[in-house]
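Working notes, structure below.
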Amino acid sequence: MNLKRKKKLIVIKPNGNHSNRLQQNLHFEVFCKEHDIEYHNPTLNNIADLYTQPCNTETNLFLKFLQIDLLGKLFRHSRVVKKIFSVVWIISKLSPLKLVRFDKESEISNSEELLLNAFKKNDVVYVAGWRFRLTELSKKYWAEMSKKYTIKASIYEKNLLVNRVNDLLSNGYVLVGIHIRRGDYIKWKNGIYCFNDSVYKKYMDSVSEQLSNNDNEKHVFILFSNENIDFQQTNKVIISKETWYIDHHIMSLCHYLIGPPSTFTLWASYIGQGKLIHLYDSNDNIKI
């Protein structure tokens, strides 16, 4: 009897923190859904329990060994060190183990083809890198993915802010999430997306005026930031001090999400389907 072996894809190297890792996972997982490939992502092991039905995140000693970065802590900002001095990369050069990395922006357009080619000669393929994108498939499988990666209700059901937000929704309020991010954005791309509070206040005034003109007088801004910000809590302004995953959940309930380009809002808008407006300039003209 000729039994065909099941193909298997394993994400072996994570990218960034929570939102980046979730985005990386999303595109690899929908690829496997589309092509009937068994999917494993042990790099999500430490956050998988937050979600209702996450992918298989089981790990073992061999996978933990493959994830080791040699010199990675000393040169954590060097792409060359991350790639060449990682155990999985070295073993892939010395053994039949197949590793496919997606590190170049030029690989985005043909990333699906590159990965399918890897499976022509390999039953198990390990993957890493940030440039794997299958936007259309992420849309195709949105219903399933958004359900799988919704935070478990038991985590937030007694949260006071979540309950307040749900009350506002029940009473017909339009919710506008504002993501104020500075921190690492001070240096990223020379700080072009690092906006001060006055910029956000200007955009909030513009959005408030537009909503009021559209007969949406009942609207509330919810501010998310891990920075000290110059805003006061009012009937129309709520400032979240929650953990990142509760913020993700609350953001996913918002009708609009506004902030600089970030996977944090990108992920929340994908789960909740709120309108995402990324700010690329301090003088952008927002239309809601």
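The first residue of the sequence shown is numbered 1, and numbering continues consecutively from there.
Atom CG of Asn213 has more than 12 neighbouring heavy atoms from other residues, nucleotides or ligands inside a 6.0 Å radius. At most 12 non-hydrogen atoms from other residues, nucleotides or ligands lie less than 6.0 angstrom from CG of Asn190. Annotation for Gln233: atom CD counts as buried by contact number, over 12 foreign heavy atoms lying within 6.0 Å.
Here the closest heavy-atom approach between residue Tyr203 and residue Asp284 is recorded as OH-N, 2.6 Å. Asp281 and Asn283 get closest at one heavy-atom pair: OD1-N, 2.6 Å. Between Pro260 and Tyr200, the shortest heavy-atom distance links the atoms CD-OH, 3.4 Å. Nearest heavy atoms, Phe231 versus Leu223: CG-CD2, 3.4 Å. Residues Val11 and Thr43 come closest through the heavy atom pair O-CG2, 3.5 Å. Taking all atoms of both residues into account, the shortest heavy-atom contact from Ser111 to Arg131 is CB-O, 4.4 Å.
With sequence neighbours excluded, the residues satisfying salt bridge (charged side-chain N to carboxylate O under 4.0 Å, His left out) with Lys201 are Asp230. Lys275 meets the salt bridge (charged side-chain N to carboxylate O under 4.0 Å, His left out) test with no other residue; sequence neighbours excluded. Remark: Glu38 pairs with His40 by the side chain to side chain donor-acceptor pair (under 3.5 Å) rule, at least two apart or across chains. Asn122 is linked by a side chain to side chain donor-acceptor pair (under 3.5 Å) to nothing, counting only residues two or more places apart in sequence or in another chain. For the salt bridge (charged side-chain N to carboxylate O under 4.0 Å, His left out) test, no residue two or more places apart in sequence or in another chain qualifies with Lys241. For Glu227, there are no salt bridge (charged side-chain N to carboxylate O under 4.0 Å, His left out) partners two or more places apart in sequence or in a different chain.
Side chains of Pro54 and Leu44 form no contact here, defined as non-hydrogen atoms less than 4.5 Å apart. Between Lys187 and Cys194 the shortest side-chain heavy-atom distance does not fall below 4.5 Å. Tyr149 places none of its side-chain heavy atoms less than 4.5 Å from the side chain of Leu26. In this structure the side chain of Ile10 never reaches within 4.5 angstrom of the side chain of Leu66, judged on heavy atoms. A 4.5 Å side-chain heavy-atom check between Val207 and Met204 finds every atom pair outside the cut-off. Pro42 is listed as a side-chain neighbour of Gln67, based on a closest heavy-atom distance under 4.5 Å. The shortest side-chain heavy-atom distance between Phe264 and Met251 falls under the 4.5 Å cut-off. Counting only heavy atoms from C-beta outward, the side chains of Leu211 and Val176 approach each other to under 4.5 Å.
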Self-check item: Criterion side chain to side chain contact (heavy atoms under 4.5 Å, CB included) on Leu161 and Ile246, from CA distance to verdict
Solution: CA-CA 9 Å; Leu161 181 54; Ile246 294 294; 5.9 Å; no

Self-check item: Step-by-step side chain to side chain contact (heavy atoms under 4.5 Å, CB included) determination, Lys6 to Asp36
Solution: CA-CA 9 Å; Lys6 178 78 173 181; Asp36 192 27; 2.9 Å; yes

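Grouping the Ile, Leu, Val, Met, Phe, Trp and Tyr side chains by contacts below 4.5 angstrom, directly or via other members, places Ile155 with Val165. Val127 and Val87 fall into different hydrophobic clusters, where Ile, Leu, Val, Met, Phe, Trp and Tyr side chains are chained together by heavy-atom contacts under 4.5 Å. Criterion: ILVMFWY side-chain heavy atoms under 4.5 Å apart, direct or through other members. Under it, Leu134 and Leu115 are part of a common hydrophobic cluster. Linking Ile, Leu, Val, Met, Phe, Trp and Tyr residues whenever their side-chain heavy atoms come within less than 4.5 Å leaves Phe224 and Val199 in two separate clusters. Linking Ile, Leu, Val, Met, Phe, Trp and Tyr whenever their side-chain heavy atoms come within less than 4.5 Å leaves Ile229 and Ile186 in two separate clusters.
Note on Lys98 versus Asp123: no salt bridge recorded, every NZ/NE/NH1/NH2 to OD/OE distance being 4.0 Å or above.
Remark: the backbone N or O of Lys120 is not paired with any side-chain donor or acceptor of Asn117 at under 3.5 angstrom. Side chain of Arg182 to main chain of Phe195: a donor-acceptor pair is present (N/O by atom type, distance under 3.5 Å, no hydrogens or angles). Distance alone, capped at 3.5 Å, is enough to place a donor-acceptor pair between the Trp142 side chain and the Tyr270 backbone.
Sorted by first and then second residue, the ring pair (Phe, Tyr, Trp, His ring centres under 6.0 Å) pairs with a member in residues 119-140 read Phe28-Phe132, Phe31-Phe132, Phe102-Phe132; sequence neighbours excluded. The stretch residues 143-157 participates, sequence neighbours left out, in these salt bridge (charged side-chain N to carboxylate O under 4.0 Å, His left out) pairs: Glu29-Lys148, Lys33-Glu144. Sorted by first and then second residue, the side-chain hydrogen bond (donor to acceptor under 3.5 Å, both in side chains) pairs involving residues 242-266 (not counting sequence neighbours) are His18-Trp244, Ser19-His248, Asn20-Thr263, Asn159-Glu242, Arg181-Ser262, Ser240-Asp247, Thr265-His278. For residues 202-218, the set of pairs meeting the salt bridge (charged side-chain N to carboxylate O under 4.0 Å, His left out) definition, not counting sequence neighbours, is empty. Under the side-chain hydrogen bond (donor to acceptor under 3.5 Å, both in side chains) criterion, no residue pair touches residues 162-180, with sequence neighbours excluded. Among residue pairs with one or both ends in residues 44-53, those qualifying as side-chain hydrogen bond (donor to acceptor under 3.5 Å, both in side chains) are Arg21-Asn46; sequence neighbours excluded.
Atom-to-atom distance recorded for Ile180:CD1 and Ile239:CD1 is 8.0 Å, nearest 0.5 angstrom. Annotation: the span from Ser86 atom OG to Leu99 atom CG amounts to 7.0 Å, rounded to 0.5 Å. With rounding to the nearest 0.5 angstrom, the CD1 atom of Ile288 is 7.5 Å from the CG atom of Asn216. Ser208 OG to Lys236 NZ: the interatomic distance, rounded to the nearest 0.5 Å, is 4.5 Å. Expressed to the nearest 0.5 Å, how far CD1 of Ile12 lies from OG of Ser92 amounts to 11.0 Å. Interatomic distance, CD1 of Ile222 versus CG of Leu175, reported as 4.5 Å (0.5 Å rounding).
For the residue pair Tyr141/Glu34, the side-chain donor-acceptor check at 3.5 Å is satisfied. Side-chain contact annotation: Ser138 with His27, donor-acceptor N/O pair under 3.5 Å absent.
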